[in-house]
Amino acid sequence: MEKRISLLRGLLLFVATVMLTACGASYQARSMDAQESKLVDPTILQKGGDDQALYRYVNPAVKMSDYTKMIIDPVLIVKDAELDVKERENYQKLANNALVYLNRELGQDYQIVTSPEAGTMRIQFAIIDADSSKPVRNVLSSVSPIGIGMNLVTYGATGKQSGVGEISAEMKVTDAMTGMLIGAAIDKRVGGKNPEGIVDTWYNADQALQYWAKQVRYVMCSKRGGSNCVKP
């Protein structure tokens, strides 16, 4: 009897932990394949640590404080040729939003320019893959006992809850004048159990893009020794 109670308590604790930690708009996926990188040679990427992209590269010879300007290229869609008309429309909306978020965040610290000049970085951002949330599955896996159980199984096996959206992307930063690689990262985020993700099926992916824009600003601020770096 005591053993059953102990197991039940453990299960309830696990359920509470999953629900509390995964209720945000998005959180980092457990893993992804670095070979998905299309902007840089994936062999240079190393596994990231806490609060870092899943795989990343930072050029140790670069002094970030030397850069004061930024060129932000239009966001690329890696699988554009594979998408149908509706999918391309959704991906393009995400790409357009990502460009807005990057300009909004980085424009607070850098002068955004359109042509290479001394002290200018170029940032390229690409959406590798994205998937919308599935409202019906999302609701059932949140309120139905069977659905909650299946959701826990799915989360335990994959690190992603049932019915939520996901997105993977990569970024490359170079010296705009010389083309020297300054840094690169590839990451994947999955959605949490937000009510907004039921109404707007691309909410999770869009929130991940906003997180990445803030994270890029934070990392660059930290690398140049800024004193007012805002962690997302």
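Contact check for Y55 versus E170: no side-chain heavy atoms found under the 4.5 Å cut-off. A 4.5 Å side-chain heavy-atom check between M220 and M70 finds at least one atom pair inside the cut-off. Between Y211 and Q207 there is no side-chain heavy-atom pair separated by less than 4.5 Å. Looking at heavy atoms from C-beta onward, I128 lies in side-chain contact with I186 at the 4.5 angstrom threshold. Here the side chains of F125 and W212 are in contact, with some heavy-atom distance below 4.5 Å. The shortest side-chain heavy-atom distance between M64 and V62 falls under the 4.5 Å cut-off. Looking at heavy atoms from C-beta onward, V190 lies out of side-chain contact with N204 at the 4.5 angstrom threshold. Residues V216 and E105 have side chains not in contact (no heavy-atom distance under 4.5 Å, counting atoms from C-beta outward).
Salt bridge present: D109 and R224 bring a charged side-chain N and a carboxylate O closer than 4.0 Å.
Residues R217 and Q108 bring a donor and an acceptor atom of their side chains to less than 3.5 Å of each other. Using a 3.5 Å distance cut-off with no hydrogens or angles, the side chains of Y101 and D206 do pair a donor with an acceptor. Using modelled atom types, one finds no donor on one side chain facing an acceptor on the other under 3.5 Å when comparing D51 with Y218.
The distance from the CD atom of E166 to the CZ atom of R189 is 12.5 Å, given to the nearest 0.5 Å. In this structure, CG in N96 is found 11.0 Å from CG in L209, a value given to the nearest 0.5 Å. With values rounded to the nearest 0.5 angstrom, C221 atom SG is found 11.0 Å from L106 atom CG. Here CD of Q52 is found 8.0 Å from CG of D50. Values are rounded to the nearest 0.5 Å. To the nearest 0.5 Å, atoms CG (D80) and CD1 (I127) are separated by 10.5 Å. Rounded to the nearest 0.5 angstrom, N90 CG and L83 CG are separated by 9.5 Å.
No donor-acceptor pair under 3.5 Å is formed between the side chain of D41 and the backbone N or O of I44. Remark: side-chain polar atoms of D84 are paired, donor with acceptor, to backbone N or O of E87 under 3.5 angstrom.
The two residues P42 and Q35 make their nearest non-hydrogen contact at CG-OE1, 3.5 Å. Among all heavy-atom pairs drawn from M32 and S168, the shortest one is CE-CB, 3.9 Å. Of all the heavy atoms in A184 and V40, the pair that sits closest is CB-CG1, 3.9 Å. Between A176 and P116, the shortest heavy-atom distance links the atoms O-CB, 3.4 Å. Nearest heavy-atom pair, K188 versus S31, reported as atom, atom and distance to 0.1 Å: CD-O, 4.1 Å.
The hydrophobic clustering, which links ILVMFWY residues whose side-chain heavy atoms are closer than 4.5 Å, places I167 and L54 apart. Criterion: ILVMFWY side-chain heavy atoms under 4.5 Å apart, direct or through other members. Under it, V219 and M171 are not part of a common hydrophobic cluster. By the rule that hydrophobic residues join a cluster once side-chain heavy atoms approach within less than 4.5 Å of another member, I123 and V58 end up as members of separate clusters. Note: the hydrophobic cluster containing M177 does not contain I182 (ILVMFWY, side chain heavy atoms under 4.5 Å, direct or indirect links). By the rule that hydrophobic residues join a cluster once side-chain heavy atoms approach within less than 4.5 Å of another member, L45 and M180 end up as members of separate clusters.
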Inset, instruction - Step by step, work out the side-chain contact (heavy atoms from CB on, under 4.5 Å) result for D129 and Y91. - result: CA-CA 9 Å; D129 199 5; Y91 269 67; 2.9 Å; yes

Legend entry - Stepwise side-chain contact (heavy atoms from CB on, under 4.5 Å) check, L39 with L76: CA-CA 10 Å; L39 296 181; L76 303 173; 3.9 Å; yes

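For E117, the CD atom is densely surrounded, since the number of other residues' heavy atoms within 6.0 Å is greater than 12. Within 6.0 Å of NZ in K79 there are more than 12 heavy atoms belonging to other residues, nucleotides or ligands. Residue K69 places its NZ atom among more than 12 non-hydrogen atoms of other residues, nucleotides or ligands, all under 6.0 Å distant.
In the hydrophobic clustering, I71 connects to V113, either directly or through intervening members, whenever side-chain heavy atoms lie under 4.5 Å apart.
Judged as a salt bridge (Lys or Arg N to Asp or Glu O under 4.0 Å), and not counting sequence neighbours, the contacts of R122 are D73.
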